[in-house]
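These notes concern the structure reproduced below.
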Number of protein chains: 2
Amino acid sequence: MATMRDVAERAGVSIATVSFVVNNTKPVTDSTRKRIEEAMAELGFRRNSVARALASRQTRILALVYPALEHHLSTSGIEFITSAAREARSNDYHLVVWPVSNDAAELADLVGQGLVDGVLLMEVQLADPRVGVLQSLDSPFVLIGRTAEPSGLDYVDIDFDESIRRCVDHLWDVGHRNIALISGDQRVPSFERYGPYVRMEDAFRRIAAERHFEPVVLNTRSGAKYGREIALELSRTHPQASGVVIFGEPTVTGLLAGLRAAGRRVPDDVSVVAALAAADIAYTTDPPLTTLTSPGVELGQLAVRALLRRLSGGEPLPPELRCGEFLPGESTAAPPHVAPSA
Amino acid sequence: MATMRDVAERAGVSIATVSFVVNNTKPVTDSTRKRIEEAMAELGFRRNSVARALASRQTRILALVYPALEHHLSTSGIEFITSAAREARSNDYHLVVWPVSNDAAELADLVGQGLVDGVLLMEVQLADPRVGVLQSLDSPFVLIGRTAEPSGLDYVDIDFDESIRRCVDHLWDVGHRNIALISGDQRVPSFERYGPYVRMEDAFRRIAAERHFEPVVLNTRSGAKYGREIALELSRTHPQASGVVIFGEPTVTGLLAGLRAAGRRVPDDVSVVAALAAADIAYTTDPPLTTLTSPGVELGQLAVRALLRRLSGGEPLPPELRCGEFLPGESTAAPPHVAPSA
DNA sequence: CTGAAAGCGCTTACAG
DNA sequence: CTGAAAGCGCTTACAG
């Protein structure tokens, strides 16, 4: 591999001047720039990114941290990663994946290596020990999600309030008055005070209060298997619930299978809205699910932008909350024995 | 951040000696080792990985290359990535994600930066231009998948032959004689001569010849939507097909929805086997799918090991072909109008 | 067993 | 506009 020294020699200039044209960081006469560019082309020069990182004190590498053991990555999680990696690349950054546990020590160890300029933190808990670690190490970071008190922190997150509102509104509008939310199970260790669960439930209760209906909230672990089980529980404990908003891609497909197994027809007996799922999910189910999609792609991009802004030393970007798209399907209809409201 | 120089000063030794204990690369007396370790602890020393990379000429970073635009990452793709990242970490390596197109120039550009010690190449085509690039750049690499002529190359791949055989055997054993394979669509540009499609179809035809049945092969783009469509096409063009082996996670769920929409019962009218899907998929469908799982986790680990072996300069690891697990579900049964063979 | 020193390939004040 | 030189924080022959 040709180095800057090789290029400089061939072009008859100093390596500093080569650096100036490679990085376009100082004015250089057209003629010497041309000589240097020719030399680079002839030698097939490629700037060594490690040497640059050491000298410039920035690696142009970002880390994506997610607790892989504890949280299965959903389709939207995948979209998020791919989107973040792509946004990073288009800014000449790299993205490393750190599937570390939700444990602060390992994260501190990794950040301490000095390999990355900043960190994207996925699956944030309301009280997340990793935030303190990052702050004390003085490492720039952006949360995907947010803590209980995120003021002053950079974050992008799903707008749970608006998301749940749209799902409930849809059910309400077609006539449902007995609406249940199926959220996640906070008793699972790494999901204690898990932001999405808490925020969805809060939003749901708030909306129920506004609308004067009795909120039914069930909690289940994530996974198709558990979705199947919760379908049975719902039918047993809340047979009157005619509309269901459910979070989690694998869980909702399990729910449909479970409802069918329990002899309950969708949407004739029960209407189901899949909240924050992939758009594709409607095609995978019968009937096609009414879906509020997850804004994974958008959040991935926004998160990287916020982090890059922070790295540039510029004015931090304001937090962003995003909602997915509402895609009507065939899993929702008027409740049984009730005429839809005009 | 404390540097080796700081540690050396505090311990009253040279930085070389500090390096020897940090890397455990030369014998050091117990007493001076102890002094150095104390100094490191007191200063909270963490070795700077960028400086090490420059000096030692290895970054200990691996790249995972996948054409994100062209190929949607499936659940097993994610399992693969997470598994690879974890195996890398447990060997003190990092994994960067390069969602680059299937285009050789961009890959050459990235590798030329010298950021990574080696490359994992996903979604390999039978004639893959990226292989030549990597060879000419002299960059160690491992294929996930393989080209038409992979001899001499390091690779890990799914054992398509055995996978398809297991799926067909299962259908055959319960009495099916009209068996169809639903594979991918090679007319889609980035899937031309895509290894998995070609190999599955070849295997299927070979098995059909052995068993003396007429192989039906349909091709469809990947995605739930297309799965739905292919269900209709299958019913129209091959109504006699009583058993179906289908590849692709989103596609199979679409197929089930489409079959139901077409009024065909699973497994009473048609038996369906999901080949190389996530184990979880059975829970998401009604009936639960009979599934041959994808060995994503195992392959991720094997691929990284093969690459690390190559980097170590040791004897290359032999290629590995892996099959998933066969998980009987409820989507397969004896064909209609035919008693199962004793 | 330990140290002095060169060097990895760049960037970046500083001078001119 | 261009160059000489220090320095980023390590590793690694080479000596002793």
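For clarity, every value in this text was computed on a predicted model and none was experimentally measured. In what follows, every heavy atom counts, from backbone to side chain, and hydrogens, waters and symmetry copies are set aside. In what follows, chains carry the letters A, B, and so on, assigned in the order in which the sequence lines appear, proteins first and then strands, with residues in each chain numbered from 1.
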Can you give each donor-acceptor pair under 3.5 Å made by side-chain atoms of residues 149-156 of chain B, sequence neighbours left out, with the distance rounded to 0.1 Å?
residue	atom	partner	partner atom	Å
B/Asp154	OD1	B/Arg310	NH2	2.9
B/Asp154	OD2	B/Arg310	NE	2.8
B/Asp154	OD2	B/Arg310	NH2	3.3

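- With contacts defined as side-chain heavy-atom distances shorter than 4.5 Å, the pair A/Met40/A/Val21 qualifies.
- Taking a pair as Watson-Crick or G-U with both hydrogen-bonding distances under 3.5 Å, the stems of three or more pairs touching DNA chain D are C:1-3 with D:14-16, C:5-12 with D:5-12, C:14-16 with D:1-3.
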Atom pairs and distances, donor-acceptor, side-chain atoms in residues 132-148 of chain B, under 3.5 Å, two or more places apart:
residue	atom	partner	partner atom	Å
B/Ser136	OG	B/Gly132	O	3.3
B/Ser136	OG	B/Val133	O	3.0
B/Arg146	NE	B/Asp157	OD2	2.7

Enumerate, atom names and distances included, each donor-acceptor pair closer than 3.5 Å involving a side-chain atom of residues 295-308 of chain B, sequence neighbours excluded.
residue	atom	partner	partner atom	Å
B/Glu298	OE2	B/Arg322	NE	2.5
B/Gln301	NE2	B/Glu87	OE1	3.2
B/Arg305	NE	B/Glu87	OE2	3.2

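- Counted by atom type alone, B/Asn23 and B/Arg52 present zero donor-acceptor pairs between their side chains at under 3.5 Å.
- Contact of the A/Phe20 side chain with the A/Ile36 side chain is not registered, since no non-hydrogen atoms from C-beta on lie closer than 4.5 Å.
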* Asked: For every nucleotide of nucleotides 8-15 of chain C, 5' to 3': is a protein heavy atom under 4.0 Å from its base (B), only from its sugar-phosphate (S), or from neither (-)?
  -> BBBBB-B-
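- For B/Thr17, a side-chain nitrogen or oxygen approaches OP1 or OP2 of C/dG3 to under 4.0 Å.
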Indicate every side-chain donor-acceptor pair of residues 114-121 of chain A with a distance under 3.5 Å to a residue at least two apart or in another chain.
residue	atom	partner	partner atom	Å
A/Asp117	OD1	A/Thr59	N	2.9
A/Asp117	OD1	A/Thr59	OG1	3.2
A/Asp117	OD2	A/Thr59	N	3.2
A/Asp117	OD2	A/Arg60	N	2.7

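- Atom-to-atom, CD of A/Glu9 to P of D/dT2 comes out at 18 Å; the value is rounded to the nearest Å.
- The backbone N or O of A/Thr17 sits less than 3.5 Å from a side-chain atom of A/Ser14, completing a donor-acceptor pair.
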